[in-house]
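Here is the structure we will look at, set down as C-alpha cells.
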Amino acid sequence: MSEENNWPGVELFDAISKQAVEAAGVRVADRVAVKDLAGFGLPHEVLLIDSDGKHSRIEKPDPKRAHNLHSCKDVIRFVKTSKLFADPQVWIDHNAIFITDDSERFRGDFAKYPLEFTSLYKTIDDLGDAEFVQSEFLSLLRINLARAFKRDDDRIALIKQVRSVIKRESSSIGKGSGSYEVGVVNDQNQVVDWKDSLLLATTVFNDPDFASSTYDVEVILDVRPENRTSFVLKPVPADLDRAVREAKEAMRAFIETEIPDVNVFLGSPW
C-alpha cells in the first residue's frame with residue numbers, strides 16, 4: 001500500500017500522543033485525554049490517549065438530535081413525515097410531549113413539544129396562595145375569572161353580592177360606624193348568604209386545538225368577616241389533577257387517531 005494511502009500514519013499518532021502527554025496545558029495523568037483528529041483529515045475520528053501515551057482511534061459518536069415542535073399537530077406531522085426515527089414513540093407528561101426512537105433509545109435522540117398551562121389554569125391554581133379584600137375579590141370576578149364560571153349567572157350574582165357589601169361598608173364608614181356588621185350585611189341591611197364553593201371550568205394547555213377545552217374545578221369559598229370581610233379561595237387539588245390528566249388523555253386520543261400505528265404513553269421517556 002502506498003505511503004499516500006497510509007496517511008496519516010502511526011508515526012503521526014505517536015507524535016500527537018507524546019505531545020498531549022508532555023504539553024503543559026494537557027495533563028492526562030490518571031485519566032484519558034481526547035484529541036480531535038479533524039485537523040488531520042479525519043473529521044469523524046478522535047484519538048484516545050492514556051497517561052502512558054498509549055492511544056487508540058475511535059469514531060466520533062453522532063451528536064444527539066433534538067427537535068423543537070409547537071403543537072400537537074406538529075407532533076403528528078413530525079411522526080408522519082420526518083422519517084428521522086425508525087421506531088417512533090410518543091410520551092406525554094406535565095411539561096412536554098416527547099417523540100423518541102425506541103430502536104435508538106440509548107442515543108437519547110428526541111423531538112419535544114413543551115406544554116404550557118393556560119393563564120386561566122394558573123390563576124385558579126394560584127388562588128389558594130392569596131386572601132382577597134372586597135375590592136380585590138370583585139376585580140378577580142370581573143377580570144381574571146370572567147370566563148371561568150360554569151354558570152355565568154353565578155358569577156354575576158356573586159358580583160352583585162360583593163358590590164352590595166362594598167356599598168354598605170362605604171355607607172357605614174361615612175357615618176362613622178364601627179359595627180361588626182360592616183362587611184357581612186348588604187346595602188339592604190340583610191345578612192349576606194355566601195356560597196360554600198364556586199364551580200369553575202378551566203382550560204389546561206395552550207395548544208391551538210385544546211385551548212378551548214374546559215374541565216370542572218370546584219373552589220372552596222371561605223368568607224372571613226373579622227374586622228373587614230376578606231375572601232379565601234381554595235381550589236380542590238384532586239380537581240386540578242383530574243383536569244390535567246383528562247387534558248393529557250384528550251391529547252393522547254387525538255394523536256392516536258391520527259397515527260394509530262404509533263404507541264402513545266402518558267409519562268416521561270426518562
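In this text, all values refer to a predicted model and were calculated from it rather than measured experimentally. Counting begins at 1 with the first residue of the sequence. Only this structure's heavy atoms are used, side chains among them; waters, hydrogens and symmetry mates stay out.
Sorted by first and then second residue, the pairs that involve residues 252-263 and meet salt bridge (charged side-chain N to carboxylate O under 4.0 Å, His left out), not counting sequence neighbours, are K80-E258, E249-R252. Applying the salt bridge (charged side-chain N to carboxylate O under 4.0 Å, His left out) test to pairs two or more places apart or on separate chains, those with a residue in residues 236-245 are D239-R242, R242-E246. Screening residues 194-213 for salt bridge (charged side-chain N to carboxylate O under 4.0 Å, His left out) gives K73-D209 as the qualifying pairs, with residues at least two apart or on separate chains.
Minimum heavy-atom separation, G128 to K234: O-NZ, 3.2 Å. Nearest heavy atoms, A146 versus R155: O-NE, 3.5 Å. When every heavy atom of P208 is checked against every heavy atom of S71, the shortest pair comes out as CD-CB, 4.0 Å. The two residues P88 and V79 come nearest to each other via the heavy atoms CG-CG1, 4.1 Å. Nearest heavy atom pair, residue T257 against residue A253, reads OG1-O, 2.8 Å. The nearest pair of heavy atoms linking D93 to S268 is OD2-CB, 4.0 Å.
Side-chain contact between I99 and V262: absent, with no pair of heavy atoms (C-beta onward) separated by less than 4.5 Å. Residues T100 and W91 meet the side-chain proximity criterion, which asks for heavy atoms closer than 4.5 Å. At least one side-chain heavy atom of I255 sits less than 4.5 Å from a side-chain heavy atom of I76. In this structure, the side chains of M251 and L115 come closer than 4.5 Å at one or more pairs of heavy atoms. Contact check for L120 versus T214: no side-chain heavy atoms found under the 4.5 Å cut-off. The side-chain heavy atoms of L221 and S197, taken from C-beta on, include no pair separated by under 4.5 Å. Between N206 and Y121, the closest side-chain pair of non-hydrogen atoms is not below 4.5 Å. Between R151 and L199, the closest side-chain pair of non-hydrogen atoms is not below 4.5 Å.
Without hydrogens or angle criteria, S139 side chain to S135 main chain gives no donor-acceptor distance under 3.5 Å. D216 places no side-chain N or O within 3.5 Å of a backbone atom of A201 that could act as its donor or acceptor partner. When atom types are taken as modelled, the side chain of S164 and the backbone of K160 share no donor-acceptor pair closer than 3.5 angstrom. Between the side chain of N263 and the backbone N or O of Q89, no donor-acceptor pair lies under 3.5 Å.
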Legend entry - Worked check of side chain to side chain contact (heavy atoms under 4.5 Å, CB included) between H94 and K248: CA-CA 8 Å; H94 280 31; K248 294 193 297 182; 3.0 Å; yes
Legend entry - V236 and V217: CA distance, side-chain angles, deciding distance, side chain to side chain contact (heavy atoms under 4.5 Å, CB included) verdict: CA-CA 7 Å; V236 176; V217 175; 5.6 Å; no
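F149 is linked by a ring pair (Phe, Tyr, Trp, His ring centres under 6.0 Å) to nothing, counting only residues two or more places apart in sequence or in another chain. Taking the ring pair (Phe, Tyr, Trp, His ring centres under 6.0 Å) definition, one finds that F205 meets it with F117, sequence neighbours left out. For Y215, there are no ring pair (Phe, Tyr, Trp, His ring centres under 6.0 Å) partners, not counting sequence neighbours.
To the nearest 0.5 Å, atoms CG (D152) and CG (L145) are separated by 11.0 Å. In this structure, the separation between CG on L200 and CG on L127 is 7.5 Å, given to the nearest 0.5 Å. One distance of note links OG1 of T118 with CZ of F210; it measures 14.0 Å at 0.5 Å rounding. Between the CD1 atom in I124 and the CG atom in D126 there is a gap of 10.5 Å [rounded to 0.5 Å]. In this structure, OG1 on T203 lies 10.5 Å from NZ on K122, to the nearest 0.5 angstrom. Summarising the geometry, atom CG belonging to L158 is positioned 12.5 Å from atom CG belonging to D153; distances are rounded to the nearest 0.5 Å.
If you chain together hydrophobic residues whose side chains sit under 4.5 Å apart, L140 and V232 never meet in one group. I156 and L198 fall into different hydrophobic clusters, where Ile, Leu, Val, Met, Phe, Trp and Tyr are joined by side-chain heavy atoms under 4.5 Å apart, directly or via other members. L266 is connected to I97 through a chain of hydrophobic side-chain contacts under 4.5 Å among Ile, Leu, Val, Met, Phe, Trp and Tyr, so both are in one cluster. Note on V244 and V264: same hydrophobic cluster, where clusters join Ile, Leu, Val, Met, Phe, Trp and Tyr whose side-chain heavy atoms are under 4.5 Å apart, directly or indirectly.
Below 30°, between 30° and 60°, or above 60°: for F85 and F78 the angle between ring planes is above 60°, a perpendicular geometry.
Taking the six-membered ring for Trp, F231 and W194 have ring centres closer than 6.0 Å.
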